[in-house]
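Worksheet for the structure shown next.
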Amino acid sequence: MNKQTTAVLLNLVISLLVFTLIWVVLKFVVHIESNVMLIVITAFLTRIICPTITAVETQSGAQIQLKSIFSKKVYLINKK
């Protein structure tokens with residue numbers, strides 16, 4: 001499987017899990033009744049929390065990384 005595809009699928013799975021977790025918390029713990037507000041708040045928080053895919057050009061070639069604002073560590077997808 002291509003490294004870019006692996007990064008996108010990993011990011012999608014993480015985003016889906018985080019979205020579901022935040023949605024359950026907001027729906028059943030905080031009791032937000034408006035579905036529109038529930039989805040907007042959940043999507044916004046998921047976008048902030050989940051890592052983003054970045055491509056960095058190095059001397060050895062392009063590297064695909066997952067980078068989060070909550071972690072100083074950068075996760076390399078195509079580490080050699």
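Neither Leu16 nor Phe44 shares a network with the other; the hydrophobic side chains, linked directly or stepwise wherever heavy atoms of I, L, V, M, F, W or Y lie under 4.5 Å apart, form separate groups for each. Hydrophobic cluster membership is shared by Leu45 and Met37, with clusters built from Ile, Leu, Val, Met, Phe, Trp and Tyr side chains linked at under 4.5 angstrom. Ile69 and Val74 fall into different hydrophobic clusters, where Ile, Leu, Val, Met, Phe, Trp and Tyr are joined by side-chain heavy atoms under 4.5 Å apart, directly or via other members. One hydrophobic cluster, built from ILVMFWY side chains closer than 4.5 Å, cannot hold both Val40 and Ile48; they sit in different ones. A single hydrophobic cluster is not seen to contain both Leu12 and Phe19; linkage of ILVMFWY side chains at heavy-atom distances under 4.5 Å, directly or through other members, places them apart.
What you find for Thr46 and Ser15 is that their closest heavy atoms are CG2-O, 3.7 Å.
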Tell me which donor-acceptor pairs under 3.5 Å the side chains of residues 21-29 have, and how far apart each pair is, sequence neighbours excluded?
none

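In this structure, OG1 in Thr54 is found 4.5 Å from CD in Gln65, a value given to the nearest 0.5 Å. In this structure, the separation between OG1 on Thr58 and CD on Gln63 is 4.5 Å, given to the nearest 0.5 Å.
By the 4.5 Å heavy-atom criterion applied to side chains, Leu66 and Ile53 are counted as neighbours. Side-chain atoms of Val8 and Leu10, non-hydrogen and from C-beta on, never get closer than 4.5 Å to each other.
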